[in-house]
Structure formats: structure tokens, C-alpha cells
2 protein chains.
Amino acid sequence: MANIQQVAEKAGVSVATVSRVLNHAASVSTKTRLKVENAIKELNYEPSMLGRNLRNSESRLLLVLLPSISNPFYTEIINGIQNTAIANSYNILLCETDSNPQRENIYFNMIKNKLADGVISMDPTVNRQKLTELAESHPVILCSEYDEGGSVPFVTIDSELAAYQAVKHLIRLGNKKIALINSDEKFLYARQRRSGYERALKEFDLPIREEWIYHTRDLEFQNGVQAMRMLLELEEKPTAVFAVSDTLAIGALKGINGSGLHVPNDLAIIGFDNISFSNMTNPTLTTVSQPMYKMGVTAANMLIMSIKGEQVESVVLDHDLIIRESTMG
Amino acid sequence: MANIQQVAEKAGVSVATVSRVLNHAASVSTKTRLKVENAIKELNYEPSMLGRNLRNSESRLLLVLLPSISNPFYTEIINGIQNTAIANSYNILLCETDSNPQRENIYFNMIKNKLADGVISMDPTVNRQKLTELAESHPVILCSEYDEGGSVPFVTIDSELAAYQAVKHLIRLGNKKIALINSDEKFLYARQRRSGYERALKEFDLPIREEWIYHTRDLEFQNGVQAMRMLLELEEKPTAVFAVSDTLAIGALKGINGSGLHVPNDLAIIGFDNISFSNMTNPTLTTVSQPMYKMGVTAANMLIMSIKGEQVESVVLDHDLIIRESTMG
DNA sequence: AATCATTTTGTAATCGATTACAAATTGCTG
DNA sequence: CAGCAATTTGTAATCGATTACAAAATGATT
């Protein structure tokens, strides 16, 4: 790869002039510009991001942190981020953290080191303190999961309300025994969704029974299968299940297969996220749809504003209840 | 963020000495090393990747190109790559190309510009010429999809054989009318899987009928649904279907629901990839399992060897036929 | 204490770009 | 064509690290 020196030499000008051509400075005469452009073409030259970034403290690269790419929930969000980034001449790099603080740290360092201009974190278990610290001096936006009462701007939905509405839908269908398949309540969204679940039950004077609340370790299908098996072993079985993620709900659906029970006649199920799989199951899955693409777009716009030094406000977007076969008894 | 100058000043030594401490050079006395380490701690200093990379032409970052993160097929491969990379003090960045040559180009430039040390491409529609060109001067490994007769090292499976075995399995079950849901044959794997399909049919003197071969535009569920609908409208319907990806097979399964036909009694289905969802469908999906994690590990090891300047040989890994309910009539 | 070998540290060039400032060129005007 | 302003180009410092080489400090030996 040629460097700027060689281009300058070939064009018979100084490196400063080449740099000016590269940056479309107005003060270059047409004649020299053409000379330089030819030299660039001949040498197949492309400017080094490294040299440029070192000097400019700008990389036009955005980092997107996510715990795992295996959850399809992130797919559409990333599309939104990516399209918005590209429209603003930024590129994105996806960083899978596996919720491992050490890995997170490596990516935080990329930001500190100007290898990237900002970060959108979708990792719920992120090291709070490190992140807040980073956010003091660098652009950071949280997406989906956020820090209650924290200072880092976020974009999310009203999980409590969504859960409340989902459970209310189950109650309206006549269900009185409603189970909750929740993830670990160290996550804010898990606490919020539980809270919405309880609010709906209370409103209709239904009891909150601990044995109908199951906590899973992860959000994989298998965790949902396991949860459902436990619920089906109870003496008093629920007649409906609200799972806090589609992956869990799909696993639960699987757990019911072969038990002789029928969805939705014996047991109604609602998921959360509206991942593309949720429409492929048999029966198809009723679920809460998050505006994932829009979340991505919003987060990216917020980050880019933040990089420009503008103030940004957190945003709460609307959700939808998508009613499908798993609750159409 | 403090820089190396400030650390040197605080420790009362030269920048060279600080650099030596950072790089664990043997020639630093214990006394000065301690002074420097204290200064580093006090200033909360972390070396700039940018300065280091510019000087060293090394970033210890690997790029992983993939067309879309929405296909779960890539998930396990990436796990393998990531774990191997970390074990060798590398980090990975995922780059979603959407099979867009312009985007690809941006990431290729990151390699050329030393922002990353090498690239593993899983993008089948990659710009062949650009990639080969890049591979001449930079470490590149292809994973899964590769360039037949090309010079770029790859890791893959024997798609032709896998398809042959899958179709033979259908024939052994007594099927004589076997359809193929293939993707676009511009992809090498699509041509290879078709070839294996035809070899099996020929071996058992079964006719190859064009109307039983459907080509989809993408690998999304919806493409499989659509394909199945077309096949079910034929006068002479197939009794079995081999789909070249699980996503298509799952869509096909969905397409059969509501048609009154039963899987596997009326129609057997085989997919390809063994994505985690393939075990969640009802009935569960028979499929060809690729050693995805191992592919990732192998690709990463090959890339790291290549970065070290060693010669690497392409690898063909073993696959497995996983028999589940969709072919257990 | 002088000499020399060995260990430790510092000086300054380097990587590839950008840009403030200085210098050179161009074009006008009288 | 001298004089001056406006335009164009070049020089050299800079970003933050690494490292060859030089210089200084240390220690051993006589």
C-alpha cells in the first residue's frame, strides 16, 4: 500500500497538498488537484485510517455491544443502527461480550483509544461503574436495557406497561391461573415485567403465587422447555403463561408438546419481542412487539448527536401486543 | 486519558523506559519498573492502540465478515472463532455486509489500513476479485462458502456428500418423489447440494424433475413457506423435501401446516445446518449438522497462523445426519 | 583508582496522516 | 513593470507509541 509521501512524490507536490485534495479543501487549483488525483489512481492509494485517526481523534466507527448474537431480538435493532450509521457516514462493529466484563473492557478501551467514536450498549449485565465512567468522557447510549436513575441516555420501551397489558389480555380470555416465566431479576426489564404482571393480577383480584413464577438462567429455548416442565408438574397447573422473551415462550411451547395438553385450549401462551421465529411455531405465538428497527435508528441518531457534542434525551418508544394463535382459544 | 509522555514525566524517566515497561522488556531494573508502574496506576494510563498500531502495524483485531446475523447458522461458528481468538490474545469484530460490495470494501480497507490484522469471510457473495487481491497481501480465510479453484484458504464441509446422504436417507424411507428447495445457484454450496441431490436420485434410477426443484431468493423463513406452497400446488406432489437450509425447511414445515397434510406421514422433510430452532419445531426437524463450532475454531487458527506468516492448508470437516421426527414416518 | 564489560537508560527517528503558518505564485491595478 | 492582495503551495510540528543506537551507570578486576 502506497502512503501519502509516495503520492506527493509522484504528483510532484507536497504531502500537505495531497492531504488537501483528500479532504476536498477549496484552496487547491484544478490543475494540481488533477495531478494528485491521477497519482492516487496510479498508485492505488487509500489513506491510512490509523494515521488519520491518530491525528484527528476520529474514526467514524461505532461500536455495538451485545451479550450474544444468538438471540434474534438483536437482529432488527442492529439493522436500524447500521442503516442510520451508514446514512451518516459511520460504520458499525458488532462486539459480542458474552456478558464478560473483561471482554467489555477491551471494547471500552477501543473507545478510549479513539479506535471508535462511540458505543451503543445492549448488554444488560454491563459493568455499571465502568460504563458510567466511560460515559463521562465519551459518547455512550444504552439500548433496550438501561440504568434506572443513571445518567447515561437510553432508548427503551415501557416494559412494565407491556407486561401489564399482556397479562390483562390473558385475564380477559378468562384465565385466572397465570404463570410467569421470567429471567434473572438482576435485569431491570425482568423486574419491570414482573411488576406489570403483578399489577394486572392485583387489579383483577387474582392471587400472586410464587410457585407460578419461574426464573430461568438464560434466554435459550432450552430454558423455556425446562421452565414449562416444572410448571406442568405442579399440583395446581396454570392455564396461561406469560414468558418474558419469545425464545422462552417457544421453549415452553415445545415443553407442552407431548404432554397431551393443547395450546391454546388447555394453556395459552404469550411471549415477548416478536422475533421472526415466533410466527413459524405451531401454533403461532402471541407476543409483545418491540419497535426494534426504530429502537436501532433512535439509538444510532442519539449516539451521533452525542458525538457531535449535542445534548440527548432518553426515549421511551411504543410497543404492540400481537395476538396470534397461542391465545386464540 | 494520559499519554506515555505524562507517565514518563511523573515517573521521572524517558518515554522509552515507559514503553519498555509496557512491553515487559527484560532490560529494566526493578526499581525503575516499580516507579513506572506506580505512575501508570496513578494516572490511570492505558496505552493508545492507535499510536501502537501505527508504529507496529499490528492491531490484534480480527474481522469476521458475515452477510447477515439473522441466520442462526453463524452463531456457533462465531463462538468458535471468538474463543480461539481470545485464547491467542486477539479480539474479533463482527461485520455485517448485507452482501453489499460497498460495505465489504469498507471492511477490506480496515485490513489494508492495519486497523485489523486479518479477516475471516463467511460471505458467499463476496466480491471475488477484490477478495483475492486482498488475500495476496493480507491474511484472509474463507469459512463455509469458498472459492472453487481459488487460492484463498478455506474451511468447509463436503456439501455434495452431505446432500447425497440426506437424499439417500429419504429414498431409503421409500420416497420416490423428492423435491429440492434450493437457494440461488450462484452460491457454490447451492450447486454442490443440488449435485448431491441428483447423484442420489440417479443412483436409485429416480427421475430428476425440474418442477420439483425450487430456487429461493433468500434464506428467510418466508422463502421456505413460499417454496412449499408452490410445491403443494403441483399436480404430482412430492412425498419428501430436502431443503438446503434449516430456515427454509422450517418455513416449508409452516407451509404444510393448514394444508391438511401431515409431516412426516404425508411428506418428509430434511433441513441443513442444525440450528437450535430446528429442535423446537413440531415435528422436530431432521437435518444435516455442520460442525459449526469446530469450523470457527479451525478458521481462527488458520487465520492466526496466516498472520504469523505460516502457510495454511484448506480443511474439509465432517458432517452428520441428525434424524428427528420430520422423517420418522 | 583506572580499565573494561555489562546492564540500564535516554535521544531521536519513525509510522501516516493533518494543519498552522510561512513562502511562493498568480493576477490586478495604476 | 512595480506594488499589492488573493490565491495556492510548502515546511515543519503534531498525534502516541516503538526501537536502533548512543550514552550513562554499575560492577568486577587488576
Side-chain angles (χ1 to χ4, degrees), chain A residues 1-40 43-61 109-117 137-138, chain B residues 1-40 43-61 109-117 137-138:
Chain A
M1 278 288 288
N3 63 16
I4 199 171
Q5 311 272 2
Q6 297 168 284
V7 174
E9 211 168 321
K10 174 140 229 152
V13 298
S14 71
V15 292
T17 302
V18 177
S19 177
R20 288 192 191 99
V21 172
L22 290 174
N23 294 287
H24 306 105
S27 74
V28 181
S29 72
T30 312
K31 207 170 58 180
T32 39
R33 186 163 47 72
L34 288 176
K35 273 197 301 183
V36 171
E37 281 168 353
N38 279 333
I40 288 176
L43 291 173
N44 213 357
Y45 164 80
E46 308 198 43
S48 155
M49 293 174 166
L50 236 35
R52 181 174 282 175
N53 294 358
L54 180 58
R55 177 64 215 220
N56 283 357
S57 298
E58 184 194 61
S59 63
R60 299 207 80 82
L61 246 31
N109 276 345
M110 285 185 64
I111 300 289
K112 287 192 201 159
N113 289 328
K114 311 284 176 60
L115 240 75
D117 295 344
S137 45
H138 299 273
Chain B
M1 277 286 290
N3 63 17
I4 199 170
Q5 311 272 3
Q6 296 169 284
V7 174
E9 212 168 321
K10 175 141 228 149
V13 299
S14 71
V15 292
T17 302
V18 177
S19 177
R20 288 191 190 99
V21 172
L22 291 174
N23 294 286
H24 306 104
S27 75
V28 182
S29 73
T30 312
K31 207 170 59 182
T32 40
R33 186 163 47 73
L34 288 176
K35 273 197 300 183
V36 172
E37 281 168 354
N38 279 333
I40 287 176
L43 292 173
N44 213 358
Y45 165 79
E46 307 198 45
S48 156
M49 293 174 167
L50 235 37
R52 181 173 281 174
N53 293 358
L54 179 59
R55 175 65 214 219
N56 284 356
S57 298
E58 184 195 60
S59 64
R60 299 206 81 82
L61 246 31
N109 276 345
M110 286 185 63
I111 300 289
K112 287 192 199 159
N113 289 328
K114 309 285 177 59
L115 240 75
D117 295 345
S137 45
H138 298 273

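Chain A is the first sequence line, chain B the second, and so forth, proteins listed ahead of strands; every chain is numbered from 1.
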- Message: Base, sugar-phosphate or nothing for B/Ser27? Non-hydrogen atoms, less than 4.0 Å.
- Response: base

- Checking only heavy atoms, does the side chain of A/Arg55 share a donor-acceptor pair with the base of D/dG16 at less than 3.5 Å? no

- Query: Just to confirm, is there a sub-4.0 Å distance from OP1 or OP2 of D/dT7 to any side-chain nitrogen or oxygen of A/Ser29?
  - Reply: no

- Are A/Leu61 and B/Leu115 side-chain neighbours, meaning at least one heavy-atom pair lies under 4.5 Å? yes

- Whole-Å distance, B/Lys35 NZ to C/dT8 P, equals 14 Å

- Query: What's the CD1-C1' distance between A/Ile4 and C/dT14, to the nearest Å?
  - Reply: 16 Å

- Message: Need one value for B/Leu50: base, sugar-phosphate or nothing, where a base atom within 4.0 Å counts as base even if backbone is also close, heavy atoms only.
- Response: nothing

- Whole-Å distance between C/dA17 P and A/Ile40 CD1? 10 Å

- CD/B/Glu9: more than 12 non-hydrogen atoms of other groups inside 6.0 Å: no

- Message: So B/Val28, base contact, sugar-phosphate only, or nothing? Heavy-atom distance under 4.0 Å.
- Response: sugar-phosphate

- A/Gln6 CD - C/dA17 C1' separation (whole Å): 14 Å

- Message: Please compare A/Ala2 and B/Ala16 by the position of their nearest nucleotide in DNA chain C and report the one closer to 5'.
- Response: B/Ala16

- Would you mind reading off the distance between B/Lys114 atom NZ and D/dT18 atom P, rounded to a whole angstrom? 16 Å

- Selected nucleotide, minimal atom distance to A/Ser19 side chain, candidates D/dT8, C/dT18, D/dA17: C/dT18

- Message: Base, sugar-phosphate or nothing for A/Ser57? Non-hydrogen atoms, less than 4.0 Å.
- Response: nothing

- Side-chain atoms of B/Ser48 come closest, of D/dG16, C/dT9, C/dT18, to D/dG16

- Message: For C/dT8 and B/Thr32 - does any side-chain N or O of the residue sit under 4.0 Å from the phosphate oxygens OP1/OP2?
- Response: no

- Message: From CD of A/Gln5 over to P of C/dT14, roughly how many Å is that when rounded to an integer?
- Response: 11 Å

- Query: Expressed in angstrom and rounded to an integer, what is the separation of B/Asn3 atom CG from D/dT18 atom C1'?
  - Reply: 15 Å

- Can you measure from NZ (A/Lys114) to OG (B/Ser48) and round to the nearest 0.5 angstrom? 8.0 Å

- Note on the structure: Between A/Lys31 and A/Asn56, the residue closer to the 5' end of DNA chain C by nearest nucleotide is A/Asn56

- Message: What's B/Thr17 touching, base or sugar-phosphate or nothing? Going by heavy atoms closer than 4.0 Å.
- Response: sugar-phosphate

- Let me know the distance between OH of B/Tyr45 and C1' of D/dG16, rounded to the nearest Å. 7 Å

- Query: Would a distance-only check, ignoring hydrogens and angles, find a side-chain to backbone donor-acceptor pair under 3.5 Å from B/Asn3 to B/Gln6?
  - Reply: yes

- Query: Going from OG on B/Ser59 to CG on B/Leu50, what distance comes out if it is rounded to the nearest 0.5 angstrom?
  - Reply: 11.0 Å

- Task: Would you name the heavy atoms of A/Lys35 and A/Val13 that are closest together and state the gap between them?
- Result: NZ-CG1, 4.2 Å

- Query: Under 4.0 angstrom, heavy atoms only, what part of the nucleic acid is B/Asn53 near: base, sugar-phosphate, or nothing?
  - Reply: nothing

- Under 4.0 Å between any heavy atoms, over every strand shown, what does B/Val13 touch: base, sugar-phosphate, or nothing? Just pick one. sugar-phosphate

- Phosphate OP1/OP2 of D/dT9: any A/Arg20 side-chain N/O under 4.0 Å: no

- Item | Candidate nucleotides C/dG16, D/dG10, C/dA17, ranked by approach to the side chain of B/Leu54 - the nearest | C/dG16

